[in-house]
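Read the structure below first, then the notes.
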Amino acid sequence: MIAVGQKLPNATLYEFLDEASEGCAIGPNAFEVEKLTAGKKIVIFALPGAFTPTCSAKHVPSYVEHFDAIKAKGVDEIWCISVNDPFVMGAWGRDQKVGNKIRMLGDGSAEFTKKLGLELDLATRGFGVRSDRYAMIVEDGVVKTLDREAPGKFEVSDAASVLKQL
């Protein structure tokens with residue numbers, strides 16, 4: 001499992017964009033973690049799945065609610081990562097009204113999640129391989145904090161907990 005002080009592994013994450021911008025078309029776009037994190041301070045939180053109860057009722061809303069306070073601490077971006085495709089992540093972001101506050105990044109094949117060593121096998125429950133619930137603060141691609149939830153818990157990866165560490 002990745003640890004504090006280590007550089008994030010490079011992987012490709014996918015984001016559904018509702019608006020075209022320079023170099024990015026409307027729809028799913030691929031981004032390399034190494035390039036996205038270069039020179040930035042980023043809060044990353046991950047969760048088992050889009051549209052799931054705790055993730056939709058508590059996890060994502062906590063980051064929307066505390067967005068301004070997190071940005072005031074010098075954070076460049078907030079990412080939500082889930083082992084879902086970019087279409088699902090885009091639809092979930094619209095449903096959660098994240099706007100431009102949170103980048104909803106899909107890790108559909110769990111490439112990034114597995115490289116981190118933070119995968120969660122939920123095959124017996126019909127979900128397949130998913131991501132553990134965690135939050136981390138990353139600076140220039142290096143993990144500064146990592147808080148992984150115990151199974152079935154939601155106590156250390158919410159935005160208020162991350163804000164205390166910033």
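As a basis for the values below, the full set of heavy atoms in this structure was taken, side chains included, without hydrogen atoms, waters or symmetry mates. The first residue in the sequence is number 1, and the count goes up from there.
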- Heavy-atom check, side chain of Val83 versus side chain of Thr113, under 4.5 Å: yes
For residues 47-61, dump all side-chain donor-acceptor pairs below 3.5 Å to protein atoms at least two apart in sequence or in another chain.
from  : atom 1 : to     : atom 2 : distance (Å)
Thr52 : OG1    : Gly49  : O      : 2.6
Ser56 : OG     : Thr52  : O      : 3.2
Ser56 : OG     : Trp92  : NE1    : 2.9
His59 : ND1    : Arg133 : NH1    : 2.9
His59 : NE2    : Ser157 : O      : 3.0
His59 : NE2    : Ser157 : OG     : 3.3

- Each residue besides Val129 in its hydrophobic cluster should be listed here, by chain and number; the cluster joins Ile, Leu, Val, Met, Phe, Trp and Tyr at side-chain heavy-atom distances under 4.5 Å. none
- Query: Do the side chains of Tyr63 and Cys80 get nearer than 4.5 Å, heavy atoms only?
  - Reply: no
- Does the side chain of Asn29 pick up a donor-acceptor pair with the side chain of Glu15 at under 3.5 Å? no
- Item | Cluster check Val75, Val64: I/L/V/M/F/W/Y, side chain < 4.5 angstrom | yes
- Item | Expected output: side-chain Asp107 to main-chain Leu13 donor-acceptor under 3.5 Å | no
- Asn10 side-chain N/O to Glu34 backbone N/O, donor-acceptor pair under 3.5 Å: yes
- For atom CG of Asp121, decide whether the heavy atoms of other residues, nucleotides or ligands shown that lie under 6.0 angstrom number more than 12. yes
- Check step by step if side chain to side chain contact (heavy atoms under 4.5 Å, CB included) holds for Ser82 and Met89. CA-CA 8 Å; Ser82 184; Met89 292 300 285; 3.7 Å; yes
- Walk me through it: do Val98 and Met104 pass the test side chain to side chain contact (heavy atoms under 4.5 Å, CB included)? CA-CA 9 Å; Val98 302; Met104 304 298 282; 3.9 Å; yes
- Is Thr145 reaching over with its side chain to a backbone N or O of Ile137, donor-acceptor style, under 3.5 angstrom? yes
- Note on the structure: Taken to the nearest 0.5 Å, the spacing of Lys41 NZ from Glu139 CD works out to 5.0 Å
- Note on the structure: Residue pairs passing the side-chain hydrogen bond (donor to acceptor under 3.5 Å, both in side chains) test with at least one member in residues 69-80, sequence neighbours excluded, are Lys40-Glu77, Glu77-Trp79, Glu77-Arg103
Could you tabulate the donor-acceptor pairs under 3.5 Å formed by side-chain atoms of residues 159-166, not counting sequence neighbours?
from   : atom 1 : to     : atom 2 : distance (Å)
Ser161 : OG     : Glu155 : O      : 3.4
Ser161 : OG     : Asp158 : OD1    : 2.6
Gln165 : NE2    : Asp147 : OD2    : 2.5

- Query: What's the verdict on side chain to side chain contact (heavy atoms under 4.5 Å, CB included) for Tyr14 and Leu105, showing C-alpha distance, side-chain angles and the deciding distance?
  - Reply: CA-CA 5 Å; Tyr14 298 85; Leu105 298 167; over 6 Å; no
- Message: Tell me every residue that passes salt bridge (charged side-chain N to carboxylate O under 4.0 Å, His left out) with Lys115, counting only those two or more places apart in sequence or in another chain.
- Response: Glu111
- Note on the structure: In terms of heavy-atom contacts, Asp18 and Arg94 come closest through OD1-NH1, 2.9 Å
- Item | salt bridge (charged side-chain N to carboxylate O under 4.0 Å, His left out) partners for Asp140, two or more places apart | none
- Query: Is there a side-chain contact between Val33 and Leu36 (heavy atoms, below 4.5 Å)?
  - Reply: no
- Just one of Leu8, Val43, Ile42 clears the side-chain contact (heavy atoms from CB on, under 4.5 Å) bar with Met136, so which one? Leu8
- Message: How long is the straight-line distance from CZ of Phe45 back to OG of Ser62, given to the nearest 0.5 Å?
- Response: 6.5 Å
- Give a yes or no on whether Ile78 and Ile81 share a hydrophobic cluster (residues Ile, Leu, Val, Met, Phe, Trp, Tyr; joining criterion: side-chain heavy atoms under 4.5 Å apart). no
- Message: Just verifying a value: how many Å separate Glu19 CD and Leu17 CG, rounded to the nearest 0.5 Å?
- Response: 9.0 Å
- Closest contact, heavy atoms only, Arg148 versus Val156: O-CG2, 3.9 Å
- Note on the structure: When every non-hydrogen atom of Leu118 is compared with those of Met1, the smallest separation belongs to CD2-SD, 3.3 Å
- Message: Please check this pair: side chain of Asp132 against backbone of Leu120, looking for a donor-acceptor N/O pair closer than 3.5 Å.
- Response: no
- Non-hydrogen atoms of Ala30 and Thr12 that approach each other most closely: CB-CG2, 3.7 Å
- What is the minimum heavy-atom distance between Leu116 and Pro9, and which atoms define it? CD2-CD, 3.6 Å
